[in-house]
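Working notes, structure below.
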Amino acid sequence: MLMQDVMTKVFPICRNTDTIQQALENFALTKLHIIPVVLSNGQFCGILTKNRLIQALASGYVFEHSISSFIIEKPICLSPENTIPETRTILLENQIGHAPVLNDKKEPVGIMSTSEILYLYDKVYDRMETELELIFQNLNFGLFSVDKNLNIISINPMAHLFLQLSSDNYTFGKREIDEPILTLLNGILLNQETGTKTKLQLNNHSLYVKCYPILENNELVGSMVLMEDMTMLEETVKELEFSKEWEDKLRSVVELAYDGIILVDEQLKITMANKGFCDLYEMDEKALLGNSIIKTFPELDIEETLRMGVKMINVPKLIRDTQSLITVLPIKDGEVIVGAICKITYQGLTQLQTALQKVSKLEQQLSYYQNELKEIRGTKYSLADIVGESESIRQAKKEALAASRSRSTVLLLGESGTGKELFAHGIHAASQQTGMFVQVNCAAIPSELLESEFFGYAEGSFTGAKKGGKKGKLEMAQNGTLFLDEIGDMPLQLQTKLLRVLQEKEFEPVGSNRIIQLDTKIIAATNKNLEKLISEGKFREDLYYRLNIMRIEIPPLRERMEDIPDIVNSIITELNRSGFQLSGITHSALTRLLNYDWPGNIRELQNLLERAANLTQDHYIKVVQLPNPLSTRVQQNTDEHVRPFPSPKTLSQDSFISSMERTEKELILTALREANGNKAQASRSLGISRTWLYAKMKKYQLT
């Protein structure tokens, strides 16, 4: 980090001709203890300190006196290119608290102080503490520490499991520690030396245990115990060097886990690369660390994962003439993306392909039986067919499942192509309805046939009526589900009759005196704004309220971009079932899909992939098969993407933040109460680090 990134850039400036009065007025505008002084041409000529002005006034100088005789000429100055450590050294060696920052033209551009440096170091410390806490809680070996009285003062989940502690409280006495470990700890606390690694059988675990003394000012204050579970990895552990620190052992596990792996931080700087990755690219890890992955390995497209938080799993890529599968995953601290990991598989892909072919055959058999079951019930899809794990689609599926458990009317709202029909099928499939799923497109049936299509008709009711009459959609859907697609296009005359049916729960076929009791679940869907249609007199308000009981808003694809990789894989699977022979989509093509706004939603994505499937010649969908509109993300004002169906209550941003903060505060208070004030336990139950918890407690003034 350089001076230009952190220095104070807003500050007053005095001219060498200013008076003491003018200088004091400038000091009143800042908390700084120095002000740069410039000549009439803007060139820096020195600094003026607050102390010198005070001494001048104390010596009898009047306010109208010039400051020229009090200017400190040739003071210690800094450059915007100085690093923070360099700046700290300069300030300490010269025993000064502030220094001006000059550019190449010797003009003052900033001021730096030791207090600002301390603040930066404090931020770095907080981040390191958070990272260490994350590492501590997610280590694949047990780690706990004790004080001189053998009371456990910190313990990670793995050690908690090994010791089989009887409580969720993480504060225990020595009675909770098994006797073999107590013996090792007593030896450490007596001679203050690092113990040897000892193999123990403890609570059905085969463990290697080693104790380390904890010193504070050369005084023994406790011990740290490291426990490695060798139950399932005895042979692997023998290959590791017992003398290495646990960080090296973690690295060894990473080396064995994947063919190639590389990690980057939030600035896209490379922080680690394993041997498999270095072998693939024929590079040395030391030469990679700290480099930008965008410049060094642009073909991996990790920037998209960091920017959008989107996973890319097993995407094919040709790397240095080697066929590979790339997986890119974001690394998160809570909801904040702090880095990314890229895993590359390039060994044993032939054997993997054989295994995948066997799995594909089993999937086809399963799909056949699932389709048979769906045909019996009249549905094509289930809620399980709705692909995606984004928060918005998970919420919509949760509401759909809830809607399936009753006979209440459901209203599906969403743009064209978002999957309203799929949701309707899924709600029926998840329900206890024994009847059929019957679908009616209100926009496709001629207006003169709408009534007979809905209610059916009796024999001889009108010229051309079929002998024996005909069942209407309502009767066909008895004990089942009637799906009214494009309900916004239903004529007003039929809206009136439909409203009566929903109210009375009965209807009569055209030309018949027979009354049929309605026992049908109604699902309606539209891509239009019904509230606007009501205001224009094109839709009955009372029918809207009758339909708007279980309202489910299906999000557009652009609002759940993280689901695109899963949706693409699902569409490719369906295309293969229909006769195509696709092996997948390339990494660059998938990245291109993530850089488009999808005005046509999932239907547009399906059509685009089917077009590409027809064009490809090597079984992989590539960038060259994608149409030109996908070359860049569509740049539109967010106002153009206003959802067509606004919620009844729209919160302002400020009120939303206020509501969120109240909820967050209540969650923290609840966690602290349940943990009896134990902050470590409260942070674990909330899924956040202790550093983050302390920051939130300070923010909400919680003691």
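Nothing here was measured: the structure is a model prediction, and the numbers come from that model.
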Handout entry: Verdict with reasoning, Lys332 to Val336, per side chain to side chain contact (heavy atoms under 4.5 Å, CB included)
Key = CA-CA 5 Å; Lys332 295 185 177 181; Val336 180; over 6 Å; no
Exercise for the section: Calculate, to the nearest 0.5 Å, the distance between atoms CG and CG belonging to Leu91 and Leu78 respectively. Expected result: 6.0 Å
Practice task
Quick one: do Ile326 and Ile319 satisfy side chain to side chain contact (heavy atoms under 4.5 Å, CB included)? Show the steps, please.
Solution key: CA-CA 10 Å; Ile326 298 179; Ile319 298 178; 4.1 Å; yes
Handout entry: Rounded distance [0.5 Å steps], SG in Cys278 versus NZ in Lys286
Key = 11.5 Å
Handout entry: Chi angles and distances behind the salt bridge (Lys or Arg N to Asp or Glu O under 4.0 Å) call for Asp563, Arg560
Key = CA-CA 6 Å; Asp563 291 334; Arg560 56 187 190 105; 3.0 Å; yes
Handout entry: Exam field: side chain Ser390 to backbone Glu562, donor-acceptor pair closer than 3.5 Å
Key = no
Fill in the blank from the handout: Residues Ile13 and Asn26: closest non-hydrogen pair is O-ND2, 3.6 Å
Handout entry: From CA spacing to verdict: side chain to side chain contact (heavy atoms under 4.5 Å, CB included), Ile84, Val6
Key = CA-CA 9 Å; Ile84 297 304; Val6 297; 3.4 Å; yes
Completion exercise
Heavy-atom closest pair (Leu329 atom, Lys343 atom, distance to 0.1 Å) is CD1-NZ, 4.0 Å
Handout entry: CD1-CD1 distance between Ile262 and Ile293, expressed to the nearest 0.5 angstrom
Key = 4.0 Å
Problem - Any donor-acceptor N/O pair, Asp265 side chain to Lys269 backbone, under 3.5 Å - result: yes
Exercise for the section: Keeping the roles fixed (side chain from Asn149, backbone from Asn151), state whether a donor-acceptor pair exists under 3.5 Å. Expected result: no
Fill in the blank from the handout: Between the CG atom in Asn274 and the CD1 atom in Ile261, the distance rounded to the nearest 0.5 Å is 6.0 Å
Exercise for the section: Look at the side chain of Thr30 and the backbone N and O of Leu32, then say whether any donor-acceptor pair between them is shorter than 3.5 Å. Expected result: yes
Exercise for the section: Indicate, with yes or no, if the rings of Tyr281 and Phe297 have centres closer together than 6.0 Å. Expected result: yes
Handout entry: Ile564 side chain near Leu590 side chain, heavy-atom distance below 4.5 Å
Key = yes
Handout entry: Residue pairs involving residues 90-102 (criterion side chain to side chain donor-acceptor pair (under 3.5 Å); sequence neighbours excluded)
Key = none
Practice task
Could you check if a side-chain atom of Phe44 sits within less than 4.5 angstrom of a side-chain atom of Cys77, using non-hydrogen atoms only?
Solution key: yes
Practice task
Could you grab the distance from atom CD of Glu64 to atom CD of Gln22, nearest 0.5 Å is fine?
Solution key: 10.0 Å
Practice task
Give every residue pair that meets the side chain to side chain donor-acceptor pair (under 3.5 Å) criterion with at least one member in residues 40-50, sequence neighbours excluded.
Solution key: none
Exercise for the section: Any chance you could lay out the side chain to side chain contact (heavy atoms under 4.5 Å, CB included) test for Val225 and Val146, step after step, and finish with the verdict? Expected result: CA-CA 8 Å; Val225 182; Val146 299; 5.5 Å; no
Practice task
Find the distance between NZ (Lys295) and CG (Leu268) and round it off to the nearest 0.5 Å.
Solution key: 11.0 Å
Practice task
Return yes if some donor-acceptor pair links the side-chain N/O of Asn595 with the main-chain N/O of Arg592 below 3.5 Å, else return no.
Solution key: no
Problem - Glu228 and Lys197 ion-paired at < 4.0 Å - result: yes
Problem - Ile302 side chain near Val264 side chain, heavy-atom distance below 4.5 Å - result: yes
Exercise for the section: Tell me yes or no: between the side chains of Ser68 and Asn16, is some donor less than 3.5 Å from an acceptor? Expected result: no
Exercise for the section: Look only at the side chain of Arg15 and the backbone of Val38, and say whether a donor-acceptor pair between them is shorter than 3.5 Å. Expected result: no
Handout entry: Note, Ile20 side chain near Leu57 side chain (heavy atom, < 4.5 Å)
Key = yes
Handout entry: Within-4.5 Å side-chain heavy-atom neighbours: Val209 and Leu184
Key = yes
Problem - Side-chain heavy atoms of Met227 within contact of Phe144, under 4.5 Å - result: yes
Completion exercise
What one should report as the nearest heavy-atom pair of Ser145 and Ser154 is OG-OG, 2.6 Å
Practice task
Return yes if some donor-acceptor pair links the side-chain N/O of Asn103 with the main-chain N/O of Glu107 below 3.5 Å, else return no.
Solution key: yes
Problem - Side chain to side chain, Leu189 and Ser223, heavy atoms closer than 4.5 Å - result: yes
Practice task
Determine the minimum heavy-atom distance between Trp598 and Leu593, stating which atoms define it.
Solution key: NE1-O, 3.0 Å
Practice task
Answer yes or no: is there a donor N or O on one side and an acceptor on the other, between the side chain of Asn138 and the main chain of Ile135, under 3.5 Å?
Solution key: no
Problem - 4.5 Å side-chain heavy-atom contact, Thr19 and Ile67 - result: no
Handout entry: Shortest non-hydrogen contact between Leu300 and Val328, atoms and distance
Key = O-CG2, 4.2 Å
Practice task
For Phe70 and Tyr61, run ring-ring contact (aromatic ring centres under 6.0 Å, His included): C-alpha distance rounded to whole Å, both residues' side-chain angles, the deciding distance at 0.1 Å, then the answer.
Solution key: CA-CA 11 Å; Phe70 310 118; Tyr61 287 94; 5.1 Å; yes
Practice task
Taking all non-hydrogen atoms of both residues into account, name the closest pair between Phe136 and Asn156 and its distance.
Solution key: O-CB, 3.2 Å
